[in-house]
Amino acid sequence: MNDVALSSAERAAKLEGMGCKRKRVEDIRFVQGKGNYVDDMKLPGMLYGDFTRSPHGHARVKNIDTTKAAALPGVVAVITAETLKTVNLAWMPTLAGDVQMVLADGKVLYQNQEVAFVIAEDRYTAADAADLVEVEYEALPVNVDPFKAMTDGAPIIREDLKDKTDGAHGKRKHPNHIFSWAAGDKTATDAAFEKADVTIKTMIAYPRVHPCPLETCQCVASFDKIKGELTLWGTFQAPHVIRTVGSLISKIPEHKIHVIAPDIGGGFGNKVGAYPGYICAIVASIVTGRPVKWVEDRIENLSTTAFARDFYMDTEIACTKDGKVTALRCYTIADHGAFDACANATKWPAGLFSIITGSYDFPTAHVLVDGVYTNKAPGGVAYRCSFRVTEAAYAIERAMDVMAQKLGMDAAEFRMKNLIRREQFPYTSATGWQYDSGDYQTAMTKAMESVDYKQLREEQKAKREAFKRGETRELMGIGVAFFTEIVGAGPSRACDILGIAMFDSAEIRIHPTGTGICRLGTKSQGQGHETTYAQIIATELGLPADNIAVEEGNTDTAPYGLGTYGSRSTPVSGAATAMACRKIKAKAQMIAAYMLEVHDDDLEWDVDRFRVKGAPERSKTMTELAWAAYHEVPPGMEPGLEAINYYDPPNFTYPFGAYICVVDVDVDTGVTKVRRFYALDDCGTRINPMIIEGQIHGGLTEAFGIAMGQEIHYDEDGNVTTASFMDYFLPTAVETPHWETDWTTTPSPHHPIGAKGVGESPNVGGVPCFSNAINDAFAFLGSTHIQMPHDHWRTWMAADNLGLHG
Ligand code: CDP
């Protein structure tokens with residue numbers, strides 16, 4: 001077994017550990033259609049549930065008649081709020097300290113809200129019967145405009161709260177007000193604005209969008225009356241949280257709830273929270289004594305389960321005349337829809353939005369966010385980002401461009417001048433965040449050189465002259481964005497969800513033959529966790545990655561964890577994995593010392609073995625030590641080779657990136673072609689460069705969709721007009737541009753392997769980069785800020801507003 005003929009480097013390569021472009025092991029089943037998703041499940045006697053939903057944006061429910069629906073052959077039961085009241089489940093707590101109707105209780109507050117749940121022998125009968133539920137509505141005035149929410153006479157959305165002056169996050173100043181939340185130093189910021197040479201102020205809107213994973217939200221609930229146990233399979237990004245919250249809501253003891261998340265087809269934040277469909281399926285299973293499946297269709301997913309963004313950010317920057325930023329001020333209205341069901345850490349009702357100073361050295365800043373209720377679906381999830389960092393990055397990156405334009409400075413030059421310098425790390429921002437590490441100037445320089453930025457600007461100058469002379473109708477835009485993410489929630493002192501501190505976990509068992517299993521509290525939705533956690537273990541323990549199974553998503557077997565969202569898996573569970581490995585390695589070292597009859601300190605680690613210092617031919621491989629752990633442990637030592645680690649990170653990690661995009665805009669059609677998109681990401685130590693590249697491609701594609709066409713739009717009557725892929729832009733391979741990816745590596749100083757998250761970064765940096773490119777195309781004509789999304793129609797309108805159509 002002692003493979004002495006190979007060099008250390010050759011042995012390391014065979015392990016396929018960290019840094020290796022290991023092929024994704026999960027793809028073997030995914031590409032063959034052998035994944036096991038919730039909707040693949042068929043249980044004996046399984047029933048199917050479907051919702052009757054509100055056609056109104058706001059209406060009183062005068063009466064619900066279920067007679068006809070219940071009479072349809074194949075229908076087993078129909079549940080309404082009245083049924084749920086008998087088990088005290090008509091309302092449920094949200095992740096944000098609010099409560100939410102499970103089924104309409106006296107009122108509907110947004111279109112497509114759940115009104116009744118029909119359970120039938122098959123899905124089609126359930127759908128037909130849902131249409132037969134007769135609901136008498138009295139329409140009420142609708143408000144879908146967050147700016148009108150707190151005006152006199154605005155329709156009161158939440159009558160259940162109207163007299164409550166205290167909310168979950170402090171005083172409420174209007175019946176439609178949810179919270180006010182501030183960060184930074186108002187006095188110092190206002191003073192800096194008073195004496196600033198130059199200031200800008202721009203209303204930067206980030207429209208409501210939707211994570212729209214390809215697999216919609218769904219579950220199967222099966223209640224065993226004999227054992228009093230509930231098994232819940234579902235598309236859960238955070239299975240343990242669902243178990244705990246499920247127990248608190250249902251009063252079923254937590255050890256009698258088994259939550260299982262099988263394969264998941266994309267989550268992006270959409271599958272973090274709890275939905276009425278889960279509660280109704282559980283109640284239906286308890287009522288009928290049979291398993292009940294609930295699967296959303298696309299319209300339901302887009303119009304009712306968690307949206308993202310809907311932030312309106314009045315952003316100001318103060319600056320010296322030579323281009324040094326002195327202060328940032330931002331007032332934001334956040335539209336949270338009808339119930340505050342935002343997925344944020346409890347302390348942060350506006351998420352991590354106060355990271356808004358971004359990558360720049362602002363001496364002072366002040367942020368104030370007002371959350372309001374409107375007649376829109378609830379949610380407010382971190383769609384491929386960490387709790388509102390995307391909104392913050394968009395605001396600062398647009399505002400920096402607006403300021404550069406006012407100063408007459410180049411956008412990249414202005415950023416370079418204000419980026420936090422390498423020697424300033426660890427850096428404390430004006431709003432109190434401690435950035436762990438960064439080398440921003442190096443990243444920006446590499447990005448600019450890679451695309452030949454200077455030459456691009458020269459080309460743009462020539463094209464602008466040609467445009468002015470009437471020789472072309474095409475504008476060239478160059479978008480620059482530099483972003484800093486904040487991922488890896490979180491230090492438990494700063495982050496909890498419903499009082500559960502945000503840490504994460506890994507349990508590793510090494511079997512006698514040197515293979516093993518790692519179980520984690522996170523849950524992959526396509527990020528390749530089965531591949532990459534094994535790589536961490538391979539490097540830490542010197543066992544081939546192929547010999548390690550990775551299992552997530554079963555609350556009975558995995559240690560408690562807070563799940564996968566906000567790029568927290570690598571920063572938190574990746575760290576837990578490395579730390580658990582180190583416990584195993586420490587034990588293996590004692591076994592090796594015993595077997596080699598030396599002191600522990602006389603051993604050194606070499607890729608996959610301990611060897612005696614000064615006598616390298618005397619060694620024990622980890623595989624040999626695994627066998628020994630079950631057969632030949634030192635006297636007094638417990639046999640076995642396993643460890644568990646709960647990792648509470650000391651800080652977030654702060655990945656960053658420099659993105660540059662080149663677009664060509666036809667002013668007569670609004671058609672925009674993305675000529676180039678270059679993305680440089682720094683996520684610290686890179687575990688699997690191929691998976692990182694895939695994550696960046698996916699995130700950039702989503703960023704492209706958001707920036708160039710997505711919006712969940714409501715008309716004035718509260719009708720959601722973008723509830724299908726006919727109306728909501730989901731980019732396919734046809735529209736998606738070519739991506740150029742690059743990297744620098746600045747390890748996190750506090751993470752055991754120096755890794756930061758990466759999955760969210762391209763969405764955070766990509767959106768402002770596209771938007772800056774479109775805005776840059778028009779900037780020389782006097783335009784300062786064109787709102788997203790930049791679809792062809794709106795781009796054509798922007799040209800029209802500038803008088804370009806005669
Ligand atoms: O929490 P989530 O898995 O969504 O995000 P992540 O921690 O950023 O990881 C996404 C994928 O990229 C995982 O498979 C990671 O192992 C991989 N990754 C990596 O290879 N190296 C890094 N430094 C960060 C992530």
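Both counts, for ligands and for their atoms, begin at 1 and track the order of listing.
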**OP:** For Thr532, counting its heavy atoms only, list the atoms of ligand 1 lying under 4.0 Å from any of them.
**Re:** 13 (C), 14 (O), 15 (C), 16 (O)
Subject >> Under-4.0 Å heavy-atom contact with ligand 1, by part of Thr564 that carries it >> reply: side chain
Original post:
Looking at side-chain heavy atoms only, is the closest gap between Lys271 and Lys523 below 4.5 Å?
Top reply: no
Subject >> Atoms of ligand 1, numbered as shown, that sit under 4.0 Å from any heavy atom of Lys756 >> reply: 22 (C), 23 (N), 24 (C)
**OP:** Would you please name every residue forming a side-chain hydrogen bond (donor to acceptor under 3.5 Å, both in side chains) with Glu485, sequence neighbours left out?
**Re:** none
Original post:
Which is closest to atom 7 (O) of ligand 1 by heavy-atom distance: Thr570, Thr531, Asp504, Val572?
Top reply: Thr570
Original post:
Under 4.0 Å from ligand 1, counting heavy atoms only, is it the side chain of Gln695, its backbone, both or neither?
Top reply: side chain
Original post:
Between Glu552 and Ser524, is there a donor-acceptor pair closer than 3.5 Å when you use the side chain of the first and the backbone of the second?
Top reply: yes
Subject >> Ligand-side contact atoms (ligand 1) for residue partner Arg568, heavy atom cut-off under 4.0 Å >> reply: 1 (O)
Original post:
Which part of Ile691 is near ligand 1, with near meaning a heavy atom under 4.0 Å away: side chain, backbone, both or neither?
Top reply: side chain
**OP:** Mind checking whether Ile692 contacts ligand 1 via backbone (N, CA, C, O), side chain (CB onward), both or neither, at a 4.0 Å heavy-atom cut-off?
**Re:** side chain
Original post:
Which atoms of ligand 1 are found less than 4.0 Å from any heavy atom of Gly757?
Top reply: 8 (O)
Original post:
Identify the closest protein heavy atom to atom 5 (O) of ligand 1: which residue and atom is it, and at what distance?
Top reply: Ser567 CA, 3.5 Å
Original post:
For atom 20 (O) of ligand 1, which protein heavy atom lies nearest, and how many Å away is it?
Top reply: Asn688 N, 2.9 Å
**OP:** Provide, to 0.1 Å, the distance between atom 2 (P) of ligand 1 and the closest protein heavy atom, together with that atom's residue and name.
**Re:** Ser569 OG, 3.6 Å
Subject >> Parallel, tilted or perpendicular: ring planes of Tyr565 versus Phe387, cut at 30 and 60 degrees >> reply: tilted
Subject >> Residue portion contacting ligand 1 (non-hydrogen atoms closer than 4.0 Å) for Gln525 >> reply: neither
**OP:** Report yes if the side chains of Ile355 and Arg388 come closer than 4.5 Å at any heavy-atom pair, otherwise no.
**Re:** no
Subject >> Under-4.0 Å salt bridge between Asp436 and Lys756 >> reply: yes
Original post:
So, the side chain of Thr216 versus the backbone of Arg298: is there a donor-acceptor pair under 3.5 Å, distance only?
Top reply: no
Subject >> Sub-3.5 Å N/O-N/O distance, Gly759 and ligand 1 >> reply: yes
**OP:** On the 0 to 90° scale, with breaks at 30° and 60°, tag the Tyr647-His751 ring pair as parallel, tilted or perpendicular.
**Re:** tilted
**OP:** Can you sort out which atoms of ligand 1 are near Val758, meaning under 4.0 Å from one of its heavy atoms?
**Re:** 8 (O), 12 (O), 24 (C), 25 (C)
**OP:** Give a yes or no answer on whether the side chain of Arg384 reaches the backbone of Gly759 with a donor-acceptor pair at less than 3.5 Å.
**Re:** yes
Subject >> Region of Thr685 engaging ligand 1 - heavy atom pairs below 4.0 Å >> reply: backbone
**OP:** May I ask you to check whether Thr522 and Tyr533 show a side-chain donor-acceptor distance below 3.5 Å?
**Re:** yes
Original post:
Which of these passes salt bridge (charged side-chain N to carboxylate O under 4.0 Å, His left out) with Glu530: Arg22, Arg519, Lys23, Arg29?
Top reply: Arg29
**OP:** With atom 14 (O) of ligand 1 as the reference point, say which of Gln527, Lys523, His529, Arg22 has the nearest heavy atom.
**Re:** Gln527
